Amino acid sequence: MTQPALSLIPSDNHAGLLRMLYLIREVEEEIARRYPEGKMRCPTHLSIGQEGVPAVMSVLLNQQDLAVSTHRSHAHYLAKGGDLTAMLAEIYGRVGGCSGGRGGSMHLIDERVGFKGSTAIVGNTIPIGVGLGLALKMQQAESQVAVVYLGDGAIEEGAFYEAANFAVVQKLPVLFVCENNLYSVYSSLQVRQPQDRKIAELAAALGLKSAAGDGNDLPGCYATIAPLLAQVRAGQGPALVELATYRWREHCGPHYDNDLGYRSENEFLQWRARDPLSLFEQRLQQEGQWRMEDCLKLRVEVQLQVQQAFADAESQPYPASTEAYTQVYRENLNG
Ligand SMILES: Cc1ncc(C[n+]2csc(CCOP(=O)(O)OP(=O)(O)O)c2C)c(N)n1
Ligand SMILES: [Mg+2]
């Protein structure tokens, strides 16, 4: 099978893509390394192995676009330009966390860059993202889009069908980005959805424009998402892209769990060999103007940035105990 050409991605995006892949990978590997210290006191879902889709989104979205995400949202937040130190401080429960240290890993928000939030309840942010699309349309916000990140498991939630239907009927500027990693916790797609029914086809039956592609091969991923995003931007109504990918670690936490038996080591190794980061590095080195030293230099730069952000986040104090009583109800949001 021939690979989609690197030239499908404009070359001025190559460095940005590689930097984002490194950033997400380095941040999450560092979280995994430090998690056993017991200082991050919140459940944490890593997307190591799934960096391809958010990296592509990072070069396709503008700061004015909006996005919402799920329990597995670090990569989506970073790809939208979310503040790294504020994210890490949130995971450490510190005062400068993006949710004031109250929410942890699953409650990321950075309104400055249009990342409007993530929540722990599967499917919860889908209607919110569609509502954002409605707001954009009502405000006649030219060519802005609302992106709803969701997993294959969220396709099984009623909220998805209601929200997708509304988005289609109202012709809203919403792009659903479905990262199909084949699993919802320990349940494979095969025991959850009919085997001959593809998510992208289901979306088309609902009236969404749709396409499916490879989430780990960046040129292919870019070529799948970019045309549909352009249609959504042009006011042609909502769309769904389904991208195949795979999480390497356990559903929640820093460890590997293939020994549990819900998926095979062989399946894991096959996906591991299709690492979106290594594949893109190889493509740049074979077909682009990049040398191995150039990649390494960029990676070291990102590593230093990540280490600094961890140090800044961890050195912050915890919120005062009285803070537990503020921002609980609407009337004291500022109190
Ligand atoms: C409404 C609801 N049901 C169940 C859960 C428990 N739960 C948390 S994450 C998750 C898996 C969701 O799978 P998917 O949407 O494919 O996302 P992935 O974890 O694969 O990224 C489940 C079932 C929940 N948080 N909310
Ligand atoms: Mg999944």
Side-chain angles (χ1 to χ4, degrees), residues 24-25 27-28 31-32 35 42-57 67-80 91 103-108 115 117-130 147-164 175-195 197-200 202-203 212-216 221 240-258 260 262-264 267-268 270-272 274 276:
I24 301 168
R25 177 67 57 89
V27 168
E28 297 228 294
I31 292 173
Y35 200 80
C42 57
T44 300
H45 303 74
L46 301 175
S47 38
I48 300 171
Q50 300 192 185
E51 298 91 343
V53 175
V56 165
M57 292 302 292
V68 289
S69 178
T70 69
H71 54 286
R72 197 179 305 286
S73 62
H74 303 167
H76 306 145
Y77 169 97
L78 293 173
K80 194 71 186 66
I91 297 173
S105 159
M106 293 187 282
H107 296 93
L108 302 183
F115 190 84
S118 64
T119 63
I121 307 300
V122 174
N124 205 1
T125 49
I126 300 173
I128 295 170
V130 169
V147 171
V148 176
Y149 287 103
L150 70 165
D152 48 294
I155 298 292
E156 292 143 32
E157 295 291 341
F160 169 68
Y161 297 89
E162 297 175 31
L175 181 70
F176 298 91
V177 177
C178 180
E179 289 168 311
N180 182 352
N181 64 6
L182 303 175
Y183 290 89
S184 169
V185 192
Y186 303 131
S187 302
S188 82
L189 201 56
Q190 285 165 0
V191 299
R192 296 185 288 113
Q193 297 182 27
Q195 288 195 34
R197 196 187 71 189
K198 302 273 174 278
I199 290 171
L202 172 72
D214 183 341
N216 285 15
C221 182
L240 180 145
V241 281
E242 174 193 0
L243 289 317
T245 188
Y246 201 78
R247 80 173 142 74
W248 291 2
R249 309 253 176 167
E250 59 191 336
H251 165 69
C252 180
H255 304 295
Y256 292 92
D257 69 351
N258 300 332
L260 292 180
Y262 72 97
R263 62 187 199 181
S264 70
E267 179 185 275
F268 164 75
Q270 280 179 18
W271 279 96
R272 177 85 172 66
R274 302 204 61 256

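Whatever order the structure lists them in is the order used to number ligands and atoms, beginning at 1. Count residues from 1 along the sequence. Model, not experiment: these values are computed from the prediction.
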Side-chain heavy atoms of E162 within contact of P127, under 4.5 Å: no
Does R192 form a salt bridge (Lys or Arg N to Asp or Glu O under 4.0 Å) with E156? I'd like the steps, not just the answer. CA-CA 8 Å; R192 296 185 288 113; E156 292 143 32; 2.5 Å; yes
Metal check, the Mg ion (ligand 2) vs N180 N/O/S, cut-off below 2.8 Å: no
Measure from the side-chain N and O atoms of E28 to the backbone N and O of I48, and report whether any donor-acceptor pair falls under 3.5 Å. yes
Here the atoms of ligand 1 under 4.0 Å from any heavy atom belonging to E157 are 1 (C)
If I take atom OG1 from residue T44 and atom NE2 from residue H71, how far apart are they, to the nearest 0.5 angstrom? 12.0 Å
With no hydrogens and no angle check, is any side-chain donor or acceptor of E250 less than 3.5 Å from a backbone partner on D257? no
Quick check: Y183 and ligand 1, any N/O pair under 3.5 Å apart? yes
When you compare ligand 1 with G153, is there at least one nitrogen or oxygen pair between them that comes in under 3.5 angstrom? yes
Considering only non-hydrogen protein atoms, determine which one is nearest to atom 25 (N) of ligand 1 and report residue, atom name and distance to 0.1 Å. A120 O, 3.0 Å
Would you say the side chains of Y246 and N216 form a donor-acceptor pair under 3.5 Å? no
Check: Q50 N/O within less than 3.5 Å of ligand 1 N/O: no
Side chains of H74 and S47: donor-acceptor distance under 3.5 Å anywhere? no
With a 4.0 Å cut-off on heavy atoms, is R247 in contact with ligand 1? no
Give the atom numbers and elements of ligand 1 that come within less than 4.0 Å of a heavy atom of V185. 10 (C), 11 (C), 22 (C), 23 (C)
Are any N, O or S atoms from S184 nearer to the Mg ion (ligand 2) than 2.8 Å? no
Would you mind checking which non-hydrogen protein atom is closest to atom 12 (C) of ligand 1, with the distance to 0.1 Å? S184 OG, 3.5 Å
Taking only heavy atoms of A154 into account, list the atoms of ligand 1 that are under 4.0 Å away from them. 15 (O)
Does D152 put an N, O or S atom under 2.8 Å from the Mg ion (ligand 2)? yes
May I ask you to check if ligand 1 and H45 share an N or O to N or O distance below 3.5 Å? no
Under 4.0 Å from a heavy atom of N181: give me the atoms of ligand 1 that qualify, with their elements. 18 (P), 20 (O), 21 (O)
Validation row: L46, W248 side chains within 4.5 angstrom (heavy atoms): no
Any non-hydrogen side-chain atom of H251 less than 4.5 Å from a side-chain atom of Y183? no
N181 and D152, any side-chain heavy atoms less than 4.5 Å apart: yes
What is the closest protein heavy atom to atom 21 (O) of ligand 1, and at what distance does it sit? R72 NE, 2.8 Å
For H251, the ligand 1 atoms with a heavy-atom partner under 4.0 Å come out as 9 (S), 10 (C), 11 (C), 19 (O)
re atom 6 (C) of ligand 1, the protein heavy-atom contact at minimum distance is V122 CG2, 4.5 Å
Can you find a heavy atom in the side chain of I155 that is under 4.5 Å from one in the side chain of Y161? yes
